[in-house]
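Notes for the one structure printed next.
Everything numeric in this text was worked out from a predicted model, so none of it was measured.
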Amino acid sequence: EMSLVCEDLGLLSLGQTKASRFQIEVNVFQAPWSGNIGLFFGYQPCAVKGMPGHRYQLLEIISVATKNEGTRFRAQWTTVYQQEGSTLRNVVIQQTESALFDLRQVPYALGLTVGPEGLTTVTIGDTVLPMTHTGAPPPPAEFQGEFGISVHSTNGVFRNAKYLFHQEP
């Protein structure tokens with residue numbers, strides 16, 4: 001079990017893969033739920049605005065203030081470009097997002113499945129979150145690299161990380 005608190009952006013690597021199809025799942029909890037936590041994959045070096053940096057795919061649970069329903073949550077997949085040594089997300093490209101959902105004060109298993117076409121399944125607890133794609137996904141090579149836990153200006157408790165790498169068909 002890990003309890004993480006970050007005043008800025010924190011990425012904790014759990015491993016790396018060259019597989020084009022894989023699954024990652026970790027139990028997550030916040031008290032109270034505030035969002036800005038998730039999973040990243042495909043962390044690898046690249047140039048960002050002409051400077052050394054990194055690119056990664058991020059599945060993040062974000063909070064959304066609604067007018068009549070209070071705070072709700074959404075899962076969002078983005079491609080993030082970050083310059084070396086920076087805690088800022090220099091370029092963010094939104095790939096897909098879920099409808100709004102509610103979270104109770106219990107831990108949830110946050111899971112993702114990645115295939116050559118990108119993020120194919122997102123689960124929170126026993127619920128599969130339908131995702132609305134906003135464009136063509138990045139090429140499969142961008143899904144390979146380090147993967148792990150993301151915490152952005154918040155806290156979270158993480159346990160029971162699981163990953164499964166699939167053989168090519």
Let me see the working for Y56 and L11 under side-chain contact (heavy atoms from CB on, under 4.5 Å), right down to the final yes or no.
CA-CA 10 Å; Y56 56 95; L11 301 174; 3.7 Å; yes
Working for side-chain contact (heavy atoms from CB on, under 4.5 Å), residues N160 and V26
CA-CA 6 Å; N160 300 333; V26 65; over 6 Å; no
Run F40 and F147 through ring-ring contact (aromatic ring centres under 6.0 Å, His included) and show every step you take.
CA-CA 5 Å; F40 72 89; F147 61 89; 7.9 Å; no
Checking F41 against T17 for the side-chain contact (heavy atoms from CB on, under 4.5 Å) test, could you report, in this order, the C-alpha distance in whole Å, the side-chain angles of both residues, the deciding distance, and whether it holds?
CA-CA 9 Å; F41 58 97; T17 183; over 6 Å; no
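Side-chain atoms of W33 come within 3.5 Å of backbone atoms of R104 as a donor-acceptor pair (strictly under, hydrogens ignored). Put simply, the side chain of T66 gets close to the backbone of G70: a donor and an acceptor are under 3.5 Å apart. Of the possible donor and acceptor atoms, one in the side chain of T96 sits under 3.5 Å from a partner among the backbone N and O of T132. No side-chain donor-acceptor contact under 3.5 Å links R74 to the backbone of A99.
Taking both residues in full, the closest heavy atoms of T79 and P138 are given as OG1-CG, 3.6 Å, listed atom of the first, atom of the second, then distance. Pairing each heavy atom of F143 with each of E117, the nearest pair is CE1-C, 4.3 Å. Closest non-hydrogen pair, P116 versus R21, comes out as CD-CG, 3.5 Å. For the pair T120 and G115, the tightest heavy-atom approach, listed with the atom from each and the gap, is CG2-N, 4.1 Å. Summarising the geometry of K49 relative to Q83, their closest heavy-atom pair is CB-NE2, 3.7 Å, with the distance given to 0.1 Å. In plain terms, the two heavy atoms of L9 and S150 that are nearest each other are CD1-OG, 4.3 Å.
No side-chain heavy atom of E84 sits less than 4.5 Å from a side-chain heavy atom of M51. Residues Q76 and L58 form no side-chain contact, since every pair of their non-hydrogen atoms from C-beta on lies 4.5 Å or further apart. A 4.5 Å side-chain heavy-atom check between R55 and V80 finds every atom pair outside the cut-off. The shortest side-chain heavy-atom distance between T71 and D102 does not fall under the 4.5 Å cut-off. H152 has its side chain out of reach of C6: every pair of non-hydrogen atoms, C-beta onward, lies at least 4.5 Å apart. Side chains of I61 and N36 form no contact here, defined as non-hydrogen atoms less than 4.5 Å apart. Looking at heavy atoms from C-beta onward, F158 lies in side-chain contact with V151 at the 4.5 angstrom threshold. A 4.5 Å side-chain heavy-atom check between R159 and P107 finds at least one atom pair inside the cut-off.
If you look at Y43 and H54, their ring centroids are closer than 6.0 Å.
Between the side chains of T154 and Q30, a donor-acceptor pair is found at a separation under 3.5 Å. Side-chain N/O atoms of Q44 and Q144 include no donor and acceptor closer than 3.5 Å. Side chains of E97 and W77: no donor on one and acceptor on the other come within 3.5 Å.
Atoms CD1 and CZ, from I62 and F73 in turn, are 10.5 Å apart once rounded to the nearest 0.5 Å. Going from atom OG1 of T113 over to atom CD1 of I24 covers 9.5 Å, rounded to the nearest 0.5 Å. For the atom pair S63 OG and R72 CZ, the distance stands at 12.5 Å (nearest 0.5 Å). Here the OH-OG1 distance, from Y108 to T127, works out to 8.0 Å after rounding to the nearest 0.5 Å. With values rounded to the nearest 0.5 angstrom, L119 atom CG is found 10.5 Å from T78 atom OG1. To the nearest 0.5 Å, atom CG of residue L39 and atom CD of residue E25 are 9.5 Å apart.
Linking Ile, Leu, Val, Met, Phe, Trp and Tyr residues whenever their side-chain heavy atoms come within less than 4.5 Å leaves I93 and L59 in two separate clusters. Residues V28 and V106 share a single hydrophobic cluster, defined by chaining ILVMFWY side chains whose heavy atoms lie under 4.5 Å apart. Both F165 and I149 are members of a single hydrophobic cluster when ILVMFWY side chains are connected at heavy-atom separations under 4.5 Å. Tracing side-chain contacts under 4.5 Å through hydrophobic residues (I, L, V, M, F, W, Y), one reaches I37 starting from M2; they form part of the same cluster.
With Q23 as the partner, the side chain to side chain contact (heavy atoms under 4.5 Å, CB included) test is satisfied by one option alone out of T123, V114, L164: L164.
When the shell of 6.0 Å around CD of E7 is examined, it contains 12 or fewer heavy atoms from other residues, nucleotides or ligands.
A salt bridge links E60 with R89: the closest approach of a Lys/Arg side-chain nitrogen to an acidic carboxylate oxygen falls below 4.0 angstrom.
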